[in-house]
Amino acid sequence: MNSPRKAFHRILLTGAAGGLGRILRERIKPWADIIRLSDISDLGIAADGEELVQCDLADRAQVHALMQDVDLVLHFGGISTEHHFDDIMQANILGTYNVYEAAHQAGVKRIIFASSNHTVGYYKTTDFIDAHMPVRPDGMYGISKCFGENLSRYYYDRFGIETVCLRIGSSFPEPLNRRMMVTYFSYDDLVELLRCAAFTPRVGHTISFGVSNNPASWWDNRYASHLGYQAKDSSARFAAQFPDSGDYPAADDITTQYQGGAFLLTGPQYR
Ligand code: NAI
Ligand code: 15L
């Protein structure tokens, strides 16, 4: 007997060797007949239903080959923290351009782009912001994510390629500091938001904050409500690890005054 048809034939996941990529590799399997996993780093051994392609996103020819016969792209590859601008330019700016142009030429209809809260890291921790407010990146990394958000807006307006930009908060097994009590985004909630972004019939160009249902919030997700995402997890269960001791924000600590946290202490890095 044939197994039931899956929603997609082939999904491409970039950044598949990374922290989130390794989680998603397992979790998105039920969505497609074939998951094409790509990274510049080693991807191990292909399991059933997997295709492995090691390549550099900055290499246009490789990315065009990567995109053949793909129905949906989850673009998670790139540099994921503040870094030398030259590296960010190659991996995140040129790399994301290559992904979109290749997707356009290959006829891909939808991309889910791993953006970041660092597009808005220069808002204060006393602000409550939505996705229509101006970006305020907190470094070159955040600027590269703003580029991806604008690029995807253009490819939607010009060519109709739909994108959901996920402004991911802090997606780790658990919050690592007091700031992450606000930005925590559990792996289960990440998968659920991705599922909503992949399966909602029409998404146009949407920016959604990727965050769990934490006790405190800086982000109003009203402009992504059509995705139907409902967070199930909360950082509340980790509260004992980060008691409310001392002022937050603290008058002498910009990492507590601005949403970007420790990224505020970084700046352009040169060789
Ligand atoms: P990660 O750094 O663990 O994974 C990124 C992957 O991209 C790595 O495996 C790396 O080898 C690959 N990569 C880097 N440059 C590349 C290139 N030139 N060509 C091909 N592959 C390249 O990061 P993580 O945590 O898994 O994040 C995944 C995505 O989500 C990133 O785009 C990151 O910016 C974004 N994000 C993650 C957050 C989190 O809390 N984990 C928060 C906000 C955004
Ligand atoms: C990000 O954009 C990074 O990719 C991740 O490593 C964390 O630093 C996260 O933001 C955060 O703000 O906690």
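Atoms within a ligand are numbered from 1 in the order they appear, just like the ligands themselves. These values consider heavy atoms only, across backbone and side chains, with no hydrogens, waters or symmetry-generated copies. All residue numbers in this chain count up from 1 along the given sequence.
Atoms of ligand 2 found under 4.0 Å from any heavy atom of F263 (numbered from 1 in listed order, with element): 8 (O). Within the listing of ligand 1, atoms 17 (C), 18 (N), 19 (N) sit less than 4.0 angstrom from a heavy atom of D56. The contact set between ligand 1 and A91, taken as ligand atoms under 4.0 Å from a residue heavy atom, comprises 15 (N), 18 (N). Each of the following atoms of ligand 2 lies closer than 4.0 Å to a heavy atom of S170: 11 (C), 12 (O), 13 (O). Atoms of ligand 1 lying under 4.0 Å from at least one heavy atom of S41, given by number and element, are 11 (O). Close contacts between ligand 2 and F172 involve ligand atoms 5 (C), 6 (O), 7 (C) [criterion: under 4.0 Å to a heavy atom]. Close approach to G15 involves these atoms of ligand 1, each under 4.0 Å from a residue heavy atom: 6 (C), 7 (O). Listed by atom number, the atoms of ligand 1 under 4.0 Å from G77 heavy atoms are 7 (O). The atoms of ligand 1 that sit less than 4.0 Å from any heavy atom of C55 are 19 (N), 20 (C). When each atom of ligand 2 is checked for a heavy atom of M180 under 4.0 Å away, the hits are 13 (O). Ligand 2 places these atoms under 4.0 Å from at least one heavy atom of R179: 11 (C), 12 (O), 13 (O). Below 4.0 Å from some heavy atom of S80 lie the following atoms of ligand 1, by number and element: 1 (P), 2 (O), 23 (O), 33 (C), 34 (O).
The existence of a salt bridge linking E51 and R10 is confirmed by a sub-4.0 Å separation between a basic side-chain nitrogen and an acidic carboxylate oxygen. A salt bridge does not link E174 to R237: none of the charged side-chain nitrogens sits closer than 4.0 Å to a carboxylate oxygen. We find that E162 and K109 are not joined by a salt bridge, their nearest charged nitrogen and carboxylate oxygen being 4.0 Å or further apart. We find that R27 and D188 are joined by a salt bridge, their nearest charged nitrogen and carboxylate oxygen being less than 4.0 Å apart.
The one candidate from L20, T14, I112 that meets the side chain to side chain contact (heavy atoms under 4.5 Å, CB included) condition with L74 is I112. Under the ring pair (Phe, Tyr, Trp, His ring centres under 6.0 Å) rule, Y100 has a single partner from F113, Y155, F147, Y154, which is Y155.
Here S38 has no heavy atoms under 4.0 Å from ligand 1, in either its backbone or its side chain. Contacts with ligand 2 closer than 4.0 Å are made by no heavy atom of F76, backbone or side chain. Contacts of Q90 with ligand 1, taken as heavy-atom pairs under 4.0 Å, are absent altogether. Heavy atoms of S116 found under 4.0 angstrom from ligand 2 belong exclusively to the side chain. By the criterion of a heavy-atom distance under 4.0 Å, the backbone of S115, and not its side chain, is placed next to ligand 1. Contact annotation: for F172 versus ligand 1, heavy atoms closer than 4.0 Å belong to the side chain alone. Contacts between T183 and ligand 2, counted as non-hydrogen atom pairs separated by less than 4.0 Å, are absent for every part of the residue. Here K145 has no heavy atoms under 4.0 Å from ligand 2, in either its backbone or its side chain.
Between G169 and ligand 2 there is a heavy-atom distance shorter than 4.0 Å.
D220 places no side-chain N or O within donor-acceptor distance of the main-chain N or O of D130, the cut-off being under 3.5 Å. Not one N or O on the side chain of S212 forms a donor-acceptor pair closer than 3.5 Å with the backbone of A231. In this structure, the side chain of R167 does not engage the main chain of I207 through any donor-acceptor pair within 3.5 Å. In this structure, Q259 contributes its side chain and Y122 its backbone to no donor-acceptor pair below 3.5 Å. A donor-acceptor pair under 3.5 Å is formed between the side chain of Q68 and the backbone N or O of H64.
Counting heavy atoms from C-beta outward, V120 and F209 have side chains that approach closer than 4.5 Å.
Distances from atom 19 (N) of ligand 1 to the heavy atoms of L43, L57, L166, L190 put L57 nearest. Which of G148, G169, S170 comes nearest to atom 42 (C) of ligand 1 through a heavy atom is settled by distance: it is G169. Closest to atom 7 (O) of ligand 1 by heavy atom, among A58, G18, G78, is G78. One option in Y187, Y141, Y184, F76 has a heavy atom closer to atom 28 (C) of ligand 1 than any other, and that option is F76. Residue nearest to atom 27 (O) of ligand 1, selected from T119, D59, L20: L20 (by heavy-atom distance).
The cationic group of R136 lies under 6.0 Å from the six-membered ring centre of Y123 and within 45° of the ring axis, placing it in a cation-pi geometry.
G19 N, 2.9 Å is the protein heavy atom nearest to atom 3 (O) of ligand 1. When hydrogens are left out, the protein atom nearest atom 40 (O) of ligand 1 is S171 N, 2.7 Å; that is the closest non-hydrogen contact. Closest to atom 12 (C) of ligand 1, if we only count protein heavy atoms, is D39 OD1, 3.3 Å. Looking from atom 32 (O) of ligand 1 to the surrounding protein, the closest heavy atom is K145 NZ, 2.9 Å. Of the protein's non-hydrogen atoms, the one nearest atom 4 (O) of ligand 2 is S80 O, 2.5 Å. Atom 22 (C) of ligand 1 has I40 CG2, 3.7 Å as its closest protein atom, hydrogens excluded (heavy atom only). A114 CB, 3.5 Å is the protein heavy atom nearest to atom 30 (O) of ligand 1. The protein heavy-atom contact nearest to atom 38 (C) of ligand 1 is I168 CG2, 3.7 Å. Atom 12 (O) of ligand 2 has as its closest protein heavy atom H118 NE2, 2.7 Å.
The shortest non-hydrogen separation linking V108 to V70 is CG2-O, 3.6 Å. The shortest heavy-atom contact between A103 and I111 is CB-CD1, 3.8 Å. Pairing each heavy atom of N92 with each of G78, the nearest pair is OD1-CA, 3.4 Å. Minimum heavy-atom separation, A114 to I168: CB-CD1, 4.0 Å. Of all heavy-atom pairs between K124 and D127, the closest is N-OD2, 2.8 Å. When all heavy atoms are compared, the tightest approach of R25 to L37 is NE-CD1, 3.3 Å.
Residue contacts with ligand 2: Y141 is placed with a nitrogen or oxygen under 3.5 Å of a nitrogen or oxygen of the ligand (distance criterion only). For the pair T81 and ligand 2, the shortest N or O to N or O distance does not fall below 3.5 Å.
The six-membered or imidazole ring of W219 lies away from that of F128, with a centre-to-centre distance of 6.0 Å or more. Residues Y141 and F85 place their aromatic rings such that the two centres sit no closer than 6.0 Å.
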